[in-house]
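Note sheet for the following structure.
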Amino acid sequence: MEKFAKPGDFCPNEACPDYQKLQDSQQQNLKKIGKTPRGVQRYQCKTCHATFTATKGTLFFRKRTPEHEILETLALLAEGSRISSLSRAKGFKEDTILAWLREAAQHSQALEAALMQDFQIKRGQLDALWAYVQNKGEKKATPRQR
Ligand SMILES: [Zn+2]
C-alpha cells in the first residue's frame with residue numbers, strides 16, 4: 001500500500017503499541033481533542049496518551065521517500081520550480097513528483113499547515129499549486145505565481 005494516510009489515521013508515537021495501526025471499526029485508539037490556534041485538528045491516542053497534530057509522520061505514511069524530502073519538493077514547486085528541474089536536481093522521476101502532487105492535493109489542509117509552518121510557503125502559492133494540479137497534464141508548466 002502506497003497511499004497517503006490522513007492525519008488522525010494512526011498514532012505517530014513509535015513507542016506506542018498502536019503505532020501506525022490505521023483506524024477502522026476495530027481499531028479506534030485516537031480521539032479528536034479540539035484544534036490548534038491555526039485551526040489544525042489535534043488528536044490524542046487513548047493507548048499512549050500522546051497528543052499530536054496533523055503534521056509529522058502522518059502525511060506520507062509508507063512512502064519510500066522521507067516525508068521531509070517530499071515536503072521540500074512540494075515547497076520548491078510552490079515557489080515556482082519546474083518539475084523537470086526538480087527531477088534532475090533531486091533524482092526523483094517527474095511522474096513520481098506529479099503523483100505526490102496529485103495525492104497531496106487530496107488532503108491539502110494538513111499539507112498546507114505543514115508547508116506553511118515548516119517552509120514559510122504562502123497561501124497564494126499553495127492555491128496556485130493546487131490549481132496547477134487540477135489542470136495538470138502539462139508537465140513542463142510552472143505553477144502560476146500571484
Ligand atoms: Zn499511541
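Order of appearance sets the numbers: ligands from 1, and atoms from 1 within every ligand. One is the number of the first residue; the rest follow in order along the sequence.
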task = Compare all side-chain heavy atoms of Leu77 with those of Ile97 and state whether any distance is below 4.5 angstrom.
result =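 The answer is yes; the side chains approach within 4.5 Å.
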message = Suppose we only count N/O/S atoms under 2.8 Å; would His49 qualify as near the Zn ion (ligand 1)?
response =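 Not a single backbone or side-chain N, O or S atom of His49 is under 2.8 Å from the Zn ion (ligand 1).
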task = With the Zn ion (ligand 1) at the centre, find the angle made by SG from Cys48 and SG from Cys11, to 10°.
result = 110°
task = Can you tell me, to 10 degrees, how wide the angle at the Zn ion (ligand 1) is between SG on Cys16 and SG on Cys45?
result =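 Taking the Zn ion (ligand 1) as the apex, the two atoms subtend 110°.
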query = Would a distance-only check, ignoring hydrogens and angles, find a side-chain to backbone donor-acceptor pair under 3.5 Å from Ser87 to Ile83?
reply = no
request  = Mark yes when over 12 heavy atoms from residues, nucleotides or ligands other than Lys122 sit less than 6.0 Å from its NZ; otherwise mark no.
outcome  = no
task = Give me the ring orientation class for Phe52 and Tyr43: parallel if the planes are under 30° apart, tilted from 30 to 60°, perpendicular past 60°.
result =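 Phe52 vs Tyr43 ring planes: parallel.
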